[in-house]
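Following: one structure in structure tokens, then a few remarks.
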Amino acid sequence: MDWQISEDTVPSAPVTEADARSMAGRPPATGAWRDGDPVGDRSFAAFGLMRTEGGALLPGFRLAYESWGELNAARDNAVLILHALTGDSHVRGPAGPGHPTAGWWDALVGPGLAIDTDRWFVIAPNVLGGCQGSTGPASIHPDGEAWGSRFPYLTIRDQVAAQVRLADALGIDRWAAVVGGSMGGMHALEWAVGTPERVERLAILSSPPINTADQIALNSVQLEAIEIDPRFAGGEYYDAAPGEGPHRGLALARRMALLNYRSPTELNQRFQRSWQSGVSPLGHGGRFAVESYLDFHGNKFTRRFDANTYIRLVEAMDSHDVGRDRGGVEEALARVTATTLVLGIDSDRLFPVDGQHRIARSVPNTLDGAESVVLHSDFGHDGFLIETAAVAHHLGRLFTA
Ligand SMILES: CC(=O)SCCNC(=O)CCNC(=O)[C@H](O)C(C)(C)COP(=O)(O)OP(=O)(O)OC[C@H]1O[C@@H](n2cnc3c(N)ncnc32)[C@H](O)[C@@H]1OP(=O)(O)O
Ligand SMILES: N[C@@H](CCO)C(=O)O
């Protein structure tokens with residue numbers, strides 16, 4: 001086997017008083033999980049050389065992952081859950097040391113839940129290029145400095161290739177199910193198209209078969225927001241003092257992104273034209289409440305994410321075209337043999353349901369024929385994270401199929 005969970009991949013020192021984060025009481029230059037931070041519920045698997053689709057060489061990499069339940073003797077109850085752009089391996093469990101956020105699918109994965117960990121052995125890796133334990137731009141290059149902007153361009157297929165090595169290392173030849181939302185759905189689709197024999201069931205939630213020109217355009221302005229922040233410094237900001245990383249650019253990118261994660265209906269109903277803290281924004285120095293909300297989420301994001309990582313992951317999403325070098329989207333989707341759930345949200349303005357219908361039309365064995373399930377929700381794209389009862393219902397159908 002070409003991997004080991006070795007001492008040099010398991011951080012040994014707990015976070016201390018001297019940690020920059022607590023010392024300054026301000027966010028450090030990057031919101032990445034770093035060696036020396038509490039490990040939390042993560043495990044790590046380390047791998048040797050990887051050549052990317054673009055021809056770059058990674059001398060080695062590691063994937064952080066979490067797991068729940070037990071792999072059975074037949075090794076046929078393993079379920080792979082793949083996170084969205086800014087998610088991580090922490091599908092379930094509280095926020096706490098090592099985990100900046102609570103489990104993003106706490107309501108769906110666990111004993112007796114839709115993905116029942118009394119029955120299934122669930123694995124959730126942080127993506128290659130990520131910043132929550134897997135190797136990415138904030139990781140240390142063999143020369144002892146952060147990779148920074150030197151970290152190679154990755155495609156969705158590169159990231160799946162890394163996950164395939166994890167599956168091989170864990171001795172999982174075939175997943176009982178591969179489940180992904182948003183960017184995770186891109187990975188899940190690549191698994192099912194690239195290695196159909198390894199995927200028995202497939203769930204694609206709020207995810208498209210290709211990233212369209214519209215989606216690339218929306219992404220491009222976010223990347224520009226980061227890159228024009230003077231503190232981005234061409235991606236070499238890891239030595240900056242706490243609080244002096246490219247937080248402003250990253251927060252602005254997050255604010256832009258959030259607009260596509262939510263719907264006009266939700267924002268209009270929730271915030272209306274109300275003023276934050278009762279101070280008028282009509283020439284009196286106040287802000288509309290919705291501006292404060294976006295500001296809050298932008299700033300919060302910088303405490304758990306890394307700017308270079310954001311760029312590499314968005315680029316990977318832009319690479320997504322399941323039909324590339326495979327005769328086109330429809331021909332590629334026809335390769336899928338898994339029993340498949342395709343689900344979208346009617347108010348999703350990031351990945352509109354057209355994309356999910358296109359998947360459903362060409363995947364041979366879907367639960368609902370040539371149409372995607374379309375959930376009604378005012379929460380837009382984030383509905384796949386928020387509408388847990390409805391998503392649980394449909395995942396339940398897949399897991400009993
Ligand atoms: C697979 C993955 O995607 S994992 C990543 C999960 N996604 C994210 O983290 C994206 C960012 N988060 C979100 O979009 C949401 O928190 C979701 C989707 C996870 C859940 O949505 P909701 O529960 O509706 O959270 P919502 O968007 O309302 O945000 C609530 C926060 O906004 C704050 N807030 C609400 N109104 C305002 C306002 N006017 N001014 C400032 N802050 C505000 C609340 O105080 C609350 O703060 P908290 O996070 O410290 O509790
Ligand atoms: N809220 C999700 C949206 C992207 O799917 C995230 O931040 O990852």
Side-chain angles (χ1 to χ4, degrees), residues 31 66 80-95 99-109 115 124-127 130-132 156 179-188 203-208 211 215 218-219 222 250-251 253-263 265-279 281 286-306 309-310 313-314 316-317 320 343-345 347-352 355-356 377-388 391:
E66 291 175 51
L80 181 64
I81 299 187
L82 300 168
H83 65 76
L85 174 64
T86 74
D88 54 33
S89 62
H90 204 47
V91 171
R92 145 169 200 88
H99 297 298
T101 52
W104 50 269
W105 254 5
D106 244 341
L108 291 171
V109 179
I115 302 180
N126 181 215
V127 73
C131 62
Q132 286 299 321
I156 292 290
V179 178
S182 195
M183 184 183 79
M186 299 176 181
H187 294 125
I204 304 294
L205 313 176
S206 304
S207 188
N211 227 32
Q215 289 140 9
L218 294 169
N219 283 341
Q222 295 170 36
L250 183 60
R254 181 63 167 179
R255 290 167 65 142
M256 293 175 183
L258 200 59
L259 294 178
N260 298 308
Y261 298 160
R262 297 308 178 94
S263 77
T265 307
E266 188 220 352
L267 294 180
N268 292 339
Q269 284 177 355
R270 182 170 174 181
F271 297 103
Q272 304 185 11
R273 291 180 50 79
S274 60
W275 305 346
Q276 189 66 25
S277 308
V279 182
R287 288 183 299 172
F288 288 103
V290 71
E291 295 179 288
S292 167
Y293 171 76
L294 284 184
D295 200 23
F296 168 84
H297 273 297
N299 290 330
K300 184 176 175 185
F301 185 58
T302 65
R303 292 192 287 277
R304 71 172 179 89
F305 219 81
D306 170 61
T309 300
Y310 194 85
L313 298 192
V314 164
M317 288 175 72
H320 178 57
L343 182 149
I345 311 282
S347 57
D348 188 340
R349 51 182 170 178
L350 179 63
F351 296 134
Q356 287 97 70
S377 169
D378 288 339
F379 287 114
H381 179 68
D382 270 343
F384 83 93
L385 295 167
I386 299 171
E387 300 286 4
T388 49
V391 173

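Note that these values count all heavy atoms, side chains included, but never hydrogens, waters or copies made by symmetry. Keep in mind the model is a prediction, meaning the values are calculated, not measured. For reference, positions follow the sequence shown, starting with 1. Whatever order the structure lists ligands and atoms in, that order sets their numbers, starting from 1.
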Do Q276 and Y293 have side-chain atoms, one donor and one acceptor, less than 3.5 Å apart? no
The criterion is ring pair (Phe, Tyr, Trp, His ring centres under 6.0 Å); which residues satisfy it with H187, sequence neighbours excluded? none
Only counting residues at least two apart or in another chain, list the ones meeting salt bridge (charged side-chain N to carboxylate O under 4.0 Å, His left out) with R255. D295
Pair F301-H297, ring pair (Phe, Tyr, Trp, His ring centres under 6.0 Å): steps then yes or no: CA-CA 6 Å; F301 185 58; H297 273 297; 9.7 Å; no
Show your reasoning for whether side chain to side chain contact (heavy atoms under 4.5 Å, CB included) applies to I115 and I81. CA-CA 10 Å; I115 302 180; I81 299 187; 3.9 Å; yes
Using side chain to side chain contact (heavy atoms under 4.5 Å, CB included), reason through D382 and I345 one step at a time and then give a plain yes or no. CA-CA 9 Å; D382 270 343; I345 311 282; over 6 Å; no
Mind jotting down which protein residues get a heavy-atom contact under 4.0 Å with ligand 2? Chain and number order, please. A84, L85, T86, G87, S182, R254, Y261, H381, D382, F384, L385
Among side-chain atoms of R262 and S347, is any donor-acceptor pair under 3.5 angstrom? no
Closest heavy-atom pair, L385 versus T388, reported as atoms and distance to 0.1 Å, is O-CG2, 3.6 Å
For ligand 1, list all ligand N or O to protein N or O distances below 3.5 Å, rounded to 0.1 Å.
unit_1	atom_1	unit_2	atom_2	d
ligand 1	9 (O)	R304	NH2	3.0
ligand 1	14 (O)	R262	NH2	3.3
ligand 1	14 (O)	D382	OD2	3.1
ligand 1	21 (O)	R262	NH2	2.9
ligand 1	27 (O)	R262	NH2	2.9
ligand 1	27 (O)	Y293	OH	2.4
ligand 1	27 (O)	H297	NE2	3.3
ligand 1	28 (O)	R270	NH1	2.9
ligand 1	28 (O)	R270	NH2	2.5
ligand 1	29 (O)	H297	NE2	2.9
ligand 1	39 (N)	Q276	OE1	2.9
ligand 1	39 (N)	A289	O	3.2
ligand 1	40 (N)	S292	OG	2.6
ligand 1	40 (N)	Y293	N	3.4
ligand 1	49 (O)	K300	NZ	2.5

Pair N126, H83: side-chain N/O donor-acceptor within cut-off below 3.5 Å: yes
